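Since the structure comes first, as structure tokens, the remarks are kept for the end.
All figures in this text were calculated on a predicted structure; none of them were measured in a lab. Atoms within each ligand, like the ligands themselves, are counted from 1 in listed order.
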Amino acid sequence: MLGEPVLQHMHVVPSWDFAPMSMMRDKLRALKSLAGPYTPFDPSTAPDDPTDLFAQWLQMAIDAGLREPHAMTLSTVDEKGFADARVLILKNVDEHGWHFAITKSSPKGKQIAANPNVALTFYWPTLGRQVCIRGVACDMGAAVRDADFLARPVGSRAGALLERQSDVLDDESELDNGLEQQRQRIAADPQLVSTNWAVYAVKPAEIEFWQGNEERRHVRLNYRRDGHTWLRERLWP
Ligand SMILES: Cc1cc2nc3c(=O)[nH]c(=O)nc-3n(C[C@H](O)[C@H](O)[C@H](O)COP(=O)(O)O)c2cc1C
């Protein structure tokens, strides 16, 4: 838990374990980053609507065979103002925004309920591309929630019905028993939906498309909402 004394939870590392730390730095420096080659991105050809550009880039990530091209980092802020972040799966993109599905009682669910200002970050390494979205998360309501929930595999539905995500797990058998109970509830009522489930759509205020370049002359295109249209601006790399 942030804000608590950290050391009491930490394993105390013997000092000789620090010796390899300089090797760690060397190891990291030896790794390549943004080595390319990449397909250049010409921002003058970008569509007016960033949703269309996102669709193009996502399709290129899918075509490039990237694993989980629909994985993104959701960043939130907790009630004490500390940042938090985790990876989620993108469920849809439409006129409402970028969708994800979560348990409302989870830390991220509580954080969004208190402060819906969030960020989404995609990274597609093979393409050297990043997309950063800043916006407001809106609950899509019961009908979208129910459809999403019922389309999930049974194990996923059972896990969500537990409503314990991110609680401390003291005993593995509690998890096994809990999942079994929820599976039995689903077997008895296949249309059972957790009212603790929610689909959110992030309506973007800003979207930045970042194309890495081997010579570090990265191309950045930022869309900013301006009423019903979008302003497009290049950003310095
Ligand atoms: C590739 C990947 C996809 C994930 N997809 C989801 C998801 O769609 N929904 C979800 O609640 N958690 C998902 N998770 C788990 C979250 O990263 C996180 O551990 C969990 O939601 C608890 O977050 P919280 O404690 O901040 O609420 C995914 C993790 C990974 C690595």
Any idea which protein heavy atom is nearest [atom], and the distance to it?
atom: atom 20 (C) of ligand 1; answer: Gln165 NE2, 3.5 Å
atom: atom 9 (N) of ligand 1; answer: Ala101 O, 3.3 Å
atom: atom 11 (O) of ligand 1; answer: Lys108 CE, 3.4 Å
atom: atom 12 (N) of ligand 1; answer: Leu88 CD2, 3.4 Å
atom: atom 18 (C) of ligand 1; answer: Arg86 CG, 3.8 Å
atom: atom 29 (C) of ligand 1; answer: Val87 O, 3.4 Å
atom: atom 3 (C) of ligand 1; answer: Ile89 CG1, 3.7 Å
atom: atom 25 (O) of ligand 1; answer: Ser166 OG, 2.5 Å

Numbered in order shown, the ligand 1 atoms found under 4.0 Å of a heavy atom of Glu68 are 1 (C)
Does [X] use its side chain to pair, donor to acceptor, with the backbone of [Y] at less than 3.5 Å?
X: His218; Y: Pro237; answer: no
X: Gln211; Y: Leu127; answer: yes
X: Arg225; Y: Pro204; answer: yes

Exactly one candidate in Arg220, Arg134, Arg232 meets salt bridge (Lys or Arg N to Asp or Glu O under 4.0 Å) with Glu206; the answer is Arg134
If the plane angle is over 60° it's perpendicular, under 30° parallel, otherwise tilted; pick one for Phe209 and Tyr223.
perpendicular
| task | Answer yes or no for atom 14 (N) of ligand 1: protein heavy atom present at a distance under 4.0 Å? | result | yes
Quick look: Lys91 vs ligand 1, heavy-atom contacts under 4.0 Å, and the answer is neither
* Asked: Is the number of heavy atoms from other residues, nucleotides or ligands within 6.0 Å of CZ (Arg164) greater than 12?
  -> no
* Asked: With a cut-off of under 6.0 Å to the ring centre and 45° to the axis, is Arg224 in cation-pi contact with Trp230?
  -> no
Side chains of Val131 and Trp210: does their closest heavy-atom pair fall under 4.5 Å? no
